[in-house]
There are 2 protein chains.
Amino acid sequence: MKKNIVCFCMSVLFVIITNGQVVSSPNNQLKLNFQVEAEGVPYYSLNYKDKTIIKESQLGFVLKPSYSYFSEFKVEGIDYSTSNKSWSPVWGSNKEIVDHYNEMLVHLVQNKTGWKLDIRFRLFDDGLGFRYEFPVQKDLRHFTISSEKTSFNLGKDYKAFWIPADYDTNEFPITTSNLSEISKLIDDVRKEPLAAKAPSATLAVQAPLMLKSKDGIYINIHEAALTNFPAMTLNVDEKNFILSSNLTPDKNGDRGFVQTGSVSPWRTMIISNDARKILSSNLIVNLNEPSKIEDTSWIKPTKYIGVWWEYFTGGGSTWAYSDDQDIRIGQTDYGTLKPNGRHGANTRHVKEYIDFASENGFDAVLVEGWNEGWEDNQAYRKEHIYSFTKAYPDFDVKELQAYAKSKNVKIIMHHETTSSAIDYERQLKEAFQFMKDNGYSAVKTGYVGPIIPRSEYHDSQWMVNHYTYVAETAAKYHIMVNSHEAVRPTGLYRTYPNWIAQESARGTEFESFNGNRPDHTTILPFTRLIGGPMDYTPGIFEGDLSVYGTNKARLSTTLAKQLALYVTMYSPLQMAADLIDNYKKYPDAFQFIKDVAVDWDSSYILEAEPGDYITIARKAKNKEEWFVGSITDENSREATVDLSFLPKGQKFEAVIYKDGKDASWNHNPKSYEISRQNVKSNTKLKIKVAPGGGFAISIKS
Amino acid sequence: MKKNIVCFCMSVLFVIITNGQVVSSPNNQLKLNFQVEAEGVPYYSLNYKDKTIIKESQLGFVLKPSYSYFSEFKVEGIDYSTSNKSWSPVWGSNKEIVDHYNEMLVHLVQNKTGWKLDIRFRLFDDGLGFRYEFPVQKDLRHFTISSEKTSFNLGKDYKAFWIPADYDTNEFPITTSNLSEISKLIDDVRKEPLAAKAPSATLAVQAPLMLKSKDGIYINIHEAALTNFPAMTLNVDEKNFILSSNLTPDKNGDRGFVQTGSVSPWRTMIISNDARKILSSNLIVNLNEPSKIEDTSWIKPTKYIGVWWEYFTGGGSTWAYSDDQDIRIGQTDYGTLKPNGRHGANTRHVKEYIDFASENGFDAVLVEGWNEGWEDNQAYRKEHIYSFTKAYPDFDVKELQAYAKSKNVKIIMHHETTSSAIDYERQLKEAFQFMKDNGYSAVKTGYVGPIIPRSEYHDSQWMVNHYTYVAETAAKYHIMVNSHEAVRPTGLYRTYPNWIAQESARGTEFESFNGNRPDHTTILPFTRLIGGPMDYTPGIFEGDLSVYGTNKARLSTTLAKQLALYVTMYSPLQMAADLIDNYKKYPDAFQFIKDVAVDWDSSYILEAEPGDYITIARKAKNKEEWFVGSITDENSREATVDLSFLPKGQKFEAVIYKDGKDASWNHNPKSYEISRQNVKSNTKLKIKVAPGGGFAISIKS
């Protein structure tokens, strides 16, 4: 749906321009200055409300082996344009998205080599995106990137919400510190035990990086539309407060293979003095290409349960069918293996989940551990670990599919690859055909451990292409993809709306290992979620894992906060992650999970401060129903819920699920209260939130 | 067809044995001694006719990071057995192959770790094969090899026919020198310009390595049944004359990923005091597993011509359709590209080849340059270079297929990958389905340039698995494979008889670049061909390439020698590589190529000396027809052809195609004479061979 388009272009081609060129955001609050300085090096700087927020910052690349693609440039021409459109996503936190920007496209040419380089800047009201474009040209067709020169010269210290730059994982806990303190803290954070780690050799952090200045300016730095390029991490110059792009190399040290006629991902900065504007920004998704999938009718936001958490509780349930680890896919005859008797994904047990899903209005049941190979799943040097078309003897694909269908429930496929991406590609089409033949329409993919091909990291160019290839191929089979341990998202869900969610951060599963901090989910929406929805898998009611056995882990939230996450952690794919029995124990609280929508007409960021609190309201898609979620960190607070988003004059009933008076995440997490009250658009609710707590509200007429 | 089986086993399990264990070949000429020496290191030595030919030589591995898997062993048991069978290959130089050996299987256990290692030795009358077996065991399931300790302690200098150890290519010219001279010569040889090179860091040569001692003992060292393991090259200790295994690493330096329950390839030594016995040995193919393909009726030895040599002559014909190199597969619209007017694989031209093939009894026409992508085919960092399902606009797949079928000729598919094996795998099944849909039943694959995945070399484990995967997958589509630039063969054509030929050496194409030496084809059967048939592409009649344009290259053989190669270079896939016009100029010589068989009942190695000469006779499969080929190096000689292989008492007519009196490779290569004479089994022909010359004989009743 296009609302209006205004586009005028002033082409200044073939005119030599060396002094600064300026372009502003439509609201005039952001001003970008571009200029080519001494020795032909291109720089940009950025003003926000007439203050310099990004000082002169370098642009360009070094090509392999050591060719400058950042100096000796002159400006060959500049094109200006503006655009104001709106579009409707297949799913999302809002049913319509405005894409309004002013653009400056700079054409550079290098004196000696004649190599051309274009840089396209887009100024939105809430930030800047720019990308490199490599035009088709006579003397440059293929090149290898040694390093990217792009920098973000902050010029002063900022508070940062960061995880260490790592080419293999995004699963570190998030640290809050000044930029100047990162070097002191980073080594300790890197000690976190994770299945695959490949730390950057430099002092560097992962994007999206959330920053806050002492004077209250929020800057989020990330990238958009990451395709056919390595993911960007950010080097930290802690003396001069300059961040700079540190592309993920492959293991040969190459940082991108480029054919001219292509473009880099966008480098993005979302900027505001109001943290809520960071959360409501559509800058990144706007910088992605429209959907490549024409018929999207088969893509459905999904609420699901699954045979999953029981593998983490310490209760003994296993992905593996047998304890015999001597497995060779295609050779091992599972019919002759001794079952271990603790295999989670067995037909009878899955039917219990299907029954519960059906009775409680869930769309789907995820089943992990259904397929051959899990016995040897931690053999990271093994290439052919799993079959994606062969079920365990006690998992009856046909019977379960028929049963699920009769109950109007879908089963979600699981493809853990243990990062043998190369073997996954060999099996991919048969795997998807198997899914199609058996009625599956969504897959959770997993990339635990180091990558095969062994030249690659999770975030190197080849793997970036792999994830996209999987999403594109899945679309051909009408399959939705929820990728875990993949590269962090960059808004590509616009282009591939079947790529319905990702993990790519420290999710709920860590609550069963080393834990998440109480402030964790107050930061994630400002970091990881900036790129796209996360399959965080909330809904854990029983937070004390010692009830299952020897696992001493305890959740870092109250039960009420678990409910709030369904609203604060936007995703069109939401899991109710806990065991069925726990939901049966708390049917009144469970009601909120049953009720909450997973697709939305509108979203309202009511309160937000990274690391402290978030309060969000959303209107369900095509329904007169609203849901509110509010969370806090380890500190108690009073939230204000301004209901002015409700239609004026009408009366509604709000059901409020909040922390009990004595609740706190570490002493009494399961204390909650449910109350009902009438509300109108002029209602302002004041609600107490416990330490590590939260609340959820559903509102209907 | 099993002739007779004698197998008895003496199990000596659980007995501690430390003194030497001996096993002999069935004819008793070879004796292997195995023992575990001080510090538990296993050694073997080998006697030939009561002389020590391999002195005490170490066995074992180092595992990553630096675990000994070669010391602290004790013998836990030894099994002896013997086997005498015969079997019939799907195609071959003989219709029946005897597999007769004595075997010793040594069970080792490491004192501290409890790790087990088995070594299986097989003594044949003509040599030794041994392999490592990694039993399923409690404390070792997956390991990474740092290095292999296997050595071949020759104890004295040998004459060697060698090419440098290189993980990416086998296309060096072959050097003849003493082992002690290699270090002086190798750097110069390595300067040879080749599309991909990855020289071993150590002084090392490629297997198969042909050796000859001063006292006339021939030893060929190679490996058999190379699957799921890196290819072996041979380190040369030029002081002590010890060769040792140098496995092809990946680019991370890892030399093999192993799961217990598997085996290494066989390390092989073919040994004789008669060079002819080296050529007639079936040791390597016997050490491979029987065919995994049950129905082999679709596998057909093939004689073919092709749109190929014209790309090498300098005559201007191109693989590419256009001179525009800015190609993106799936995006570039070839309909709008400007054709260069020199594209070889156009419908009209291919029809000329089909006509010629049909008129002259060829089975097939190879067409290179039929598919999108060749414009950018040297972009070695590009992953998606070609489409394997999209033909150029001027190559009409359907029309050509119908035309070829009407003429009873097959078209051979070509899949050059430019070594983007990873992209080939993505397209593989569609590519084979496309072939099946369009009546193709054989493919020539190509791996020019460095490998993608970028962690790999042509000969590293992953690529070894890739080639096998391609052959296995092709078999499912009833497709024969002729792989070029792949890892050298190790007899796997027994297991995958659809893997009908390979290049993996310096073939005829080099005659159009830097040339092959006159002795080249007198050595190849002792080196490269020891592992399996080669698609050498002989039959070049016009050896002076200056007739086509500016290429000054000249063939290193006489025309008659080109005919002889159809017999001396065994392959079930034989090309007549020259241009049609050249065959039309010499119809009498061409008659031999038309007549010569490509599959055989029996082969007779009549004369052989590596680097000097080879004379071979073969009886056509299921026909009373014999063909003889004889070649020499740069020296003239008189060959003796003892026809005692003919049925006694019968008269036959021999047509002799030999060098003219004034012929020589460098002065008068096209001088030849054709004569006919009656022959019987007691005939001994004496035939003069010109410098760089040869002769061919066809014999019929």
Side-chain angles (χ1 to χ4, degrees), chain A residues 64 135-138 140-145 228 249-254 256-262 324-332 375-376 378-385 421-423 425-430 433 450-456 460-463 465-466 469 472-473, chain B residues 64 135-138 140-145 228 249-254 256-262 324-332 375-376 378-385 421-423 425-430 433 450-456 460-463 465-466 469 472-473:
Chain A
K64 196 179 170 186
V136 173
Q137 49 197 286
K138 202 171 132 273
L140 190 61
R141 196 167 78 259
H142 291 279
F143 59 85
T144 304
I145 295 172
N228 201 14
D250 66 14
K251 287 191 185 163
N252 301 320
D254 294 328
F257 302 92
V258 177
Q259 179 174 357
T260 53
S262 61
D324 183 351
Q325 296 184 296
D326 176 38
I327 297 300
R328 274 164 206 82
I329 295 302
Q331 294 172 49
T332 300
E375 292 73 9
D376 203 18
Q378 286 184 37
Y380 294 132
R381 38 197 153 188
K382 184 172 174 176
E383 248 180 86
H384 189 31
I385 300 188
I422 220 157
D423 186 61
E425 291 205 1
R426 281 190 182 176
Q427 295 192 61
L428 193 65
K429 287 170 191 168
E430 281 88 348
Q433 189 60 49
I451 298 290
I452 306 178
R454 299 184 177 92
S455 43
E456 305 306 324
S460 61
Q461 184 180 17
W462 193 87
M463 281 304 291
N465 288 342
H466 167 82
Y469 174 69
E472 272 186 323
T473 307
Chain B
K64 196 180 170 185
V136 173
Q137 48 197 287
K138 203 170 132 273
L140 189 63
R141 196 165 80 260
H142 291 278
F143 59 86
T144 304
I145 294 172
N228 201 13
D250 65 15
K251 286 190 186 164
N252 301 320
D254 293 328
F257 303 92
V258 177
Q259 178 174 356
T260 52
S262 62
D324 184 350
Q325 297 184 295
D326 177 37
I327 297 300
R328 274 165 207 78
I329 295 301
Q331 294 173 49
T332 300
E375 291 75 10
D376 204 18
Q378 286 184 37
Y380 295 131
R381 38 197 152 190
K382 185 171 172 177
E383 247 181 86
H384 190 29
I385 300 189
I422 220 157
D423 186 61
E425 292 205 0
R426 280 190 181 177
Q427 296 192 60
L428 194 66
K429 287 170 190 169
E430 282 88 347
Q433 189 60 50
I451 298 291
I452 307 178
R454 298 184 177 91
S455 43
E456 305 305 324
S460 60
Q461 184 180 19
W462 193 87
M463 281 302 292
N465 287 342
H466 166 83
Y469 174 68
E472 271 186 323
T473 308

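Please read all numbers here as calculations on a predicted model, not as lab measurements.
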| query | Pick from A:E456, A:Q331, A:E383: which one has the most heavy-atom pairs with chain B under 4.5 Å? | reply | A:E383
| request: List for me each residue that meets ring pair (Phe, Tyr, Trp, His ring centres under 6.0 Å) alongside A:Y380, sequence neighbours excluded, and say none if there are none. | output: none
| field | Which residues share a side-chain hydrogen bond (donor to acceptor under 3.5 Å, both in side chains) with A:Q433, sequence neighbours left out | value | A:D437
| note | Comparing A:I452, A:N252, A:D376 against chain B, the one with the most heavy-atom pairs below 4.5 Å turns out to be A:D376
| query | B:F257 ring centre to A:R454 NZ or CZ under 6.0 Å, with the angle to the axis within 45°? | reply | yes
| query | Does any heavy atom of chain A fall under 4.5 Å from the side chain of B:E430, the backbone, both, or neither of them? | reply | side chain
| query | Which distance, rounded to the nearest 0.5 Å, do you find between the CZ of B:R426 and the CG of A:L428? | reply | 9.0 Å
| message | Check A:D326 with B:R141, please: is the shortest side-chain N to carboxylate O separation under 4.0 Å? | response | no
| said: How long is the straight-line distance from CD1 of B:I422 back to OG of A:S455, given to the nearest 0.5 Å? | reply: 7.0 Å
| field | Spatial distance of atom CD (A:E425) from atom CD (B:E425) [nearest 0.5 Å] | value | 8.5 Å
| Flag side-chain contact, heavy atom, 4.5 Å: B:K251 against A:D250 | no
| field | Side chain, backbone, both or neither of B:I327 within contact of chain A (heavy atoms, under 4.5 Å) | value | backbone
